[in-house]
Amino acid sequence: MTATHTPIESNILYFGTPVVLISTTNEDDTPNLAPMSSAFWLGWRGMLGLGARSQTARNLLRTRECVLNLPSDQLAAAVDRLALTTGRDPVPERKHERGYRYVHDKFERAGLTPVESETVRPPRVAECPVAMEAVVEAVHPVADEDEAQRGGIMAFEVRVCRLWVHDEIRLAGTDDHIDPDAWRPLIMSFQKLYGLGPQVHPSTLARIPERFYRGPDLDRVRRVASS
């Protein structure tokens with residue numbers, strides 16, 4: 001029997017996306033570190049959905065750079081230590097209502113290690129198996145047509161300038177491929193943290209060599225690195 005659909009009014013639509021720890025630089029030159037999961041990638045570009053009043057958004061607008069650190073499922077406890085914390089002082093009203101508190105040193109709070117980046121000022125997270133140094137190329141308003149939401153949400157388009165990975169998640173014998181069976185991302189689904197299960201079915205798309213996906217942004221990175 002075919003299952004039927006029922007209309008509901010869920011308050012959040014986080015059906016399951018990787019957690020990202022975004023490191024940015026505060027006004028006093030110290031690093032900020034914030035977890036988020038409203039992110040997706042197109043080639044070497046990413047789209048990040050953020051509240052406009054967050055410290056991370058303010059830092060991105062001011063400095064135009066960040067690092068997107070992807071934690072594995074083994075780092076769930078460290079990520080959770082950043083929950084209900086903010087780098088904004090004073091704490092924005094809506095976050096205060098939800099129980100957020102100001103924390104200046106987010107790396108210390110999470111028990112994670114900052115590592116100097118190569119192309120941007122914010123540090124990478126040493127413990128994260130993936131770290132992408134990136135610059136902001138464009139900022140897009142979200143829900144700008146709705147007076148009640150106007151100015152509250154922003155989508156940041158970022159371009160990756162350098163990709164770092166731990167050797168244990170690289171596909172053996174390659175220098176351009178991550179092994180999906182070794183990479184275990186931390187997933188946020190309806191506010192809860194999960195790991196990634198095993199592959200459920202062979203993928204036809206996986207037969208395409210990864211080099212065929214190389215785009216102009218990666219060529220740009222290579223030109224800059226060799227100049």
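Side-chain atoms of Ser23 come within 3.5 Å of backbone N or O of Pro123 as a donor-acceptor pair. Between the side chain of Arg64 and the backbone N or O of Asn59, no donor-acceptor pair lies under 3.5 Å. Counting only distance, with no hydrogens or angles, the side chain of Arg150 and the backbone of Ala143 share no donor-acceptor pair below 3.5 Å. Proximity of a side-chain donor or acceptor of Arg88 to a complementary backbone N or O of Tyr102 within less than 3.5 Å is not detected. Side chain of His166 to main chain of Ala126: a donor-acceptor pair is present (N/O by atom type, distance under 3.5 Å, no hydrogens or angles). A distance-only check finds a donor-acceptor pair linking the side chain of Thr17 to the backbone of Ser37 [under 3.5 Å]. Under the 3.5 Å distance criterion, the side-chain polar atoms of Ser10 are left unmatched by any main-chain donor or acceptor of Leu13.
Here the CZ-CG distance, from Arg109 to Leu82, works out to 7.5 Å after rounding to the nearest 0.5 Å. Taking CD of Glu118 as the reference point, atom CH2 of Trp164 lies at 4.5 Å (rounded to 0.5 Å). Annotation: the span from Leu218 atom CG to Asp176 atom CG amounts to 9.0 Å, rounded to 0.5 Å. Once rounded to the nearest 0.5 Å, the distance linking CD1 of Ile187 with NZ of Lys192 reads 16.0 Å. In this structure, Ser117 OG and Met132 CE are separated by 12.5 Å, a value rounded to the nearest 0.5 Å. Taken to the nearest 0.5 Å, the CG atom of Asp89 stands 12.5 Å off from the CZ atom of Arg101.
Across every non-hydrogen atom of Gly87 and Asn32, the tightest pair is CA-OD1, 3.8 Å. Across every non-hydrogen atom of Pro31 and Phe107, the tightest pair is CB-CE1, 3.9 Å. Contact record, His177 with Pro180: NE2-CD, 4.4 Å, taken as the closest heavy-atom pair. Among all heavy-atom pairs drawn from Ala52 and Ala57, the shortest one is O-CB, 3.8 Å. Of all heavy-atom pairs spanning Phe190 and Ile12, the tightest one is CE2-O, 3.4 Å. Here the closest non-hydrogen pair linking Gly151 and Asp144 is N-OD1, 4.0 Å.
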Evaluate the criterion side-chain contact (heavy atoms from CB on, under 4.5 Å) for residue pair Val19 and Leu75; output intermediate values, then yes/no. CA-CA 10 Å; Val19 173; Leu75 293 174; over 6 Å; no

I would like to know whether Trp44 and Leu163 meet side-chain contact (heavy atoms from CB on, under 4.5 Å); could you show each step before the answer? CA-CA 9 Å; Trp44 272 46; Leu163 170 63; 4.0 Å; yes

Could you check Ile169 against Val130 for side-chain contact (heavy atoms from CB on, under 4.5 Å), going step by step and ending with a plain yes or no? CA-CA 9 Å; Ile169 69 168; Val130 179; 3.6 Å; yes

Evaluation steps, side-chain contact (heavy atoms from CB on, under 4.5 Å), between Trp41 and Leu68: CA-CA 11 Å; Trp41 283 264; Leu68 310 178; 4.1 Å; yes

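Few gaps surround CD on Glu168; more than 12 heavy atoms of other groups in view lie less than 6.0 Å from it. Under a cut-off of 6.0 angstrom, the local environment of CG in Asp28 is crowded, with over 12 non-hydrogen atoms contributed by other residues, nucleotides or ligands. Atom CZ of Arg53 has 12 or fewer heavy atoms from other residues, nucleotides or ligands within 6.0 Å.
The closest side-chain heavy-atom distance from Arg98 to Lys95 is not below 4.5 Å. Side-chain contact check for Arg170 versus Asp175: some heavy-atom pair is nearer than 4.5 Å. In this structure the side chain of Thr30 never reaches within 4.5 angstrom of the side chain of Asp105, judged on heavy atoms.
With sequence neighbours excluded, no residue satisfies ring-ring contact (aromatic ring centres under 6.0 Å, His included) with Phe40.
Contact check on Arg58 versus Glu27 returns a salt bridge, with a Lys/Arg side-chain nitrogen under 4.0 Å from an Asp/Glu carboxylate oxygen.
A single hydrophobic cluster is not seen to contain both Met47 and Leu50; linkage of ILVMFWY side chains at heavy-atom distances under 4.5 Å, directly or through other members, places them apart. Leu70 and Val165 fall within a single hydrophobic cluster, where Ile, Leu, Val, Met, Phe, Trp and Tyr side chains are chained together by heavy-atom contacts under 4.5 Å. Taken together through direct or relayed side-chain contacts under 4.5 Å among Ile, Leu, Val, Met, Phe, Trp and Tyr, Met188 and Val20 form parts of separate hydrophobic clusters. In the hydrophobic clustering of this structure, Ile22 groups with Val139; members are Ile, Leu, Val, Met, Phe, Trp, Tyr whose side-chain heavy atoms approach within less than 4.5 Å, directly or through other members. Cluster membership check: Leu186 shares its hydrophobic cluster with Leu21, using side-chain heavy-atom separations under 4.5 Å among Ile, Leu, Val, Met, Phe, Trp and Tyr.
When Gln55, His104, Arg62, Lys106 are each tested for a side-chain hydrogen bond (donor to acceptor under 3.5 Å, both in side chains) with Asn26, only one passes: Gln55. Of the options Met154, Met36, Glu157, a side-chain contact (heavy atoms from CB on, under 4.5 Å) to Leu48 is made by Met36 and by none of the others. Checked options Thr25, Thr24, Val67; the residue passing with Arg121 is Thr25 (criterion: side-chain contact (heavy atoms from CB on, under 4.5 Å)).
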